[in-house]
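Before any comments, here is the structure.
Here is the naming used below: chain letters follow the sequence lines, and residue numbers restart at 1 for every chain. The model shown is predicted, which means the values in this text are computed figures rather than measured ones.
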2 protein chains.
Amino acid sequence: MNVGKRKPAPVDPASVPKAVVSRLSLYLRELQQLLRGGQTTVSSSQLGRLLGFTDAQVRRDLAYFGHFGQRGVGYRCDELVRAIRGILGTDREWTVAMVGVGNLGRALLGYRGFNAQGFRIVAAFDADPGKVNRTIEGIPIFPPDHLGQVIREQAIPIGLIASPAAAAQQVADQMVEAGVVGILNFAPVTLALPGHVSLVGVDLATELEQLCFSVANRAGPR
Amino acid sequence: MNVGKRKPAPVDPASVPKAVVSRLSLYLRELQQLLRGGQTTVSSSQLGRLLGFTDAQVRRDLAYFGHFGQRGVGYRCDELVRAIRGILGTDREWTVAMVGVGNLGRALLGYRGFNAQGFRIVAAFDADPGKVNRTIEGIPIFPPDHLGQVIREQAIPIGLIASPAAAAQQVADQMVEAGVVGILNFAPVTLALPGHVSLVGVDLATELEQLCFSVANRAGPR
DNA sequence: CCGTGTGAAATCGTTCACAGCC
DNA sequence: GGCTGTGAACGATTTCACACGG
């Protein structure tokens, strides 16, 4: 008994280092690649080599969440993919509400990679009256004052901010007010959010600055 | 003597933790914001509070690179901005070559945030004959077989990959061959690069997965 | 008196190295 | 024989706490 489909989680997920979770995404991406290539099994050392990590690191990362490998053999790619998706929470579909249908927003509306991993943008908002009340890539664009209602009615858990920096905090506040519990922020500002809302920020200029620093200081890849 | 404009760098820049450099970008962004608001001085604790870091962390991070503060007062915003830009290397203009003028590529061509921080995309490439030999946002689009020549002639140091995943490694190889020393990769694949080339990867689906994990595990903001 | 800069301590994350199992 | 899972050692980063200077 007590040995069902679910592996026991050896630790509290909140105590897992952030770096581990971000490597998990990379493992997932690589495993899906391997599966497409017809490979059924990987060892920690192969997976590590492909990504530039050590084999010990790969094993340790996975061991945070359970026993997924087979001694002497390695990991079954399909099983490990399922397991990682379960850990990340991407084994179900997540709906996303986007604000800001500018250059970047439009690109994200058409980005296939989101759907492929289980994310679906179901509503977008923009302050420009010329953009609202139509669909782009099949996604309806609403005026900003519909934000609360749409998010609430569809119980959308994730917000994506691609608005100008000056509007971002206000947009975030409205999203949180409407019940969003996670925000992906592309606006180049720091957002202040209540503790129960998760935040991931992506600042494109900042990423280039990181690159710039390592180029200017010849630090090799990342 | 020996007290010129340049502060001495207390340590080898290559030995600075990566996390420190990424916070440097955030300090910079916040300082520029403060300057726009007319503030001339910040303390480590104010800067930390704005970004969610401790005051000790801010001071330690900055101390890797020199003595920028004044005891009893704090840091002069304008001086610190100049200092951080000098450290990151964004006190000069960097030219960038982009490959892949799809959804995302077009958005990046029009992204104002790059110019604002000193990056200028000066050439783009795409395999679609319908897109080449014209300009978008003032940037010329070339066919892929011009890549080597254009990058070499203009001595472009930075490559930006926004091509489909399947093409990314080949594109990267050609960029490296042409002399690029840093690559910002938006394609969802792991690139293999020679050691003298720096790499920063941004995978949009991966970022959403991180968010998803922390939402699913209620870990609060990042 | 306030806030920086920094040794020293504490914490966190990675790597080693090997027992255990297929 | 090969490869996982994991205590223990190690190294890196963060936090503490206080001396020093404006």
Side-chain angles (χ1 to χ4, degrees), chain A residues 3 7-24 26-27 31 34 39-77 79-80 83-84 87 210 219 222, chain B residues 3 7-24 26-27 31 34 39-77 79-80 83-84 87 210 219 222:
Chain A
V3 181
K7 296 296 200 309
V11 300
D12 168 24
S15 76
V16 173
K18 190 153 57 76
V20 171
V21 182
S22 83
R23 285 192 296 268
L24 237 39
L26 299 179
Y27 299 151
L31 286 162
L34 289 171
Q39 196 169 327
T40 59
T41 261
V42 239
S43 66
S44 56
S45 61
Q46 188 194 359
L47 193 48
R49 192 156 8 85
L50 288 168
L51 287 159
F53 307 137
T54 66
D55 55 340
Q57 175 123 74
V58 173
R59 292 197 300 276
R60 178 69 77 187
D61 285 348
L62 296 174
Y64 273 103
F65 303 98
H67 299 208
F68 303 114
Q70 239 176 288
R71 296 180 190 223
V73 181
Y75 303 86
R76 285 206 41 178
C77 297
E79 270 182 19
L80 193 49
I84 294 179
I87 294 161
Q210 302 304 299
R222 263 262 205 202
Chain B
V3 182
K7 296 296 196 310
V11 299
D12 168 22
S15 76
V16 173
K18 189 155 56 77
V20 171
V21 182
S22 82
R23 284 191 297 268
L24 238 39
L26 299 179
Y27 299 151
L31 286 162
L34 289 171
Q39 196 170 327
T40 58
T41 260
V42 242
S43 66
S44 56
S45 59
Q46 188 193 0
L47 194 48
R49 193 156 7 85
L50 288 168
L51 288 160
F53 307 136
T54 66
D55 56 339
Q57 175 123 72
V58 173
R59 293 197 301 275
R60 180 69 79 186
D61 285 348
L62 296 174
Y64 272 103
F65 302 98
H67 298 209
F68 303 112
Q70 239 175 288
R71 297 180 191 224
V73 181
Y75 303 87
R76 284 206 44 180
C77 296
E79 270 183 17
L80 193 49
I84 294 178
I87 294 162
Q210 302 304 299
R222 263 263 204 201

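Looking at B/Leu80 and B/Leu62, their side chains come closer than 4.5 Å, going by heavy atoms from C-beta outward. For the pair B/Ile87 and B/Tyr64, the minimum side-chain heavy-atom distance is 4.5 Å or more. Contact of the B/Asp61 side chain with the B/Phe53 side chain is not registered, since no non-hydrogen atoms from C-beta on lie closer than 4.5 Å. The closest side-chain heavy-atom distance from B/Tyr27 to B/Val42 is not below 4.5 Å.
Counting to the nearest Å, the C1' atom of C/dT4 and the CZ atom of B/Arg76 are 17 Å from each other. The CD-P distance, from B/Gln46 to C/dT4, rounds to 10 Å in whole Å. A straight line from NZ of B/Lys18 to C1' of D/dT14 spans 17 Å, rounded to a whole angstrom. The OH atom of B/Tyr75 sits 17 Å away from the P atom of C/dC2 (whole-angstrom rounding). Look at CZ on A/Phe68: it is 15 Å from C1' on D/dT6, rounded to the nearest Å. A straight line from CG of A/Asp55 to P of C/dT14 spans 14 Å, rounded to a whole angstrom. The distance between atom CG of A/Leu80 and atom P of D/dT4, rounded to the nearest whole Å, is 11 Å. Distance B/Arg59 CZ to D/dT14 C1': 12 Å, rounded to the nearest Å.
For B/Arg71 and D/dC20, the shortest distance from a side-chain N or O to OP1 or OP2 is not below 4.0 Å. Side-chain nitrogen and oxygen atoms of B/Arg23 include at least one within less than 4.0 Å of the OP1 or OP2 phosphate oxygen of D/dT14. Taking 4.0 angstrom as the limit, B/Tyr64 places none of its side-chain polar atoms (N or O) nearer than this to OP1 or OP2 of D/dA12.
Of the candidates C/dA17, C/dT4, C/dC16, the closest approach to any side-chain atom of A/Arg60 belongs to C/dC16. Among the nucleotides D/dC3, D/dT6, C/dC22, the one closest to the side chain of A/Gln70 is C/dC22. Side-chain proximity of A/His67 to the nucleotides D/dT14, D/dC18, D/dG5 is greatest for D/dG5. Side-chain atoms of B/Ala56 lie closest to D/dC16 of the nucleotides D/dC16, C/dA19, D/dT6. Comparing C/dT15, D/dT14, C/dC22 against the side chain of A/Gln57 picks out C/dT15 as the nearest.
Among the protein residues, A/Ser44 comes within range of the sugar-phosphate backbone only, with heavy atoms under 4.0 Å from sugar or phosphate atoms but none that close to a base.
In this structure, A/Leu34 and A/Cys77 approach most closely via the heavy-atom pair CB-SG, 4.4 Å.
Toward the 5' end of DNA chain C, the nearer of the two residues B/Ser43 and A/Val73, judged by each one's closest nucleotide, is B/Ser43. Nearer the 5' end of DNA chain C, as judged by each residue's closest nucleotide, is the contact made by A/Ser15, out of A/Gly72 and A/Ser15.
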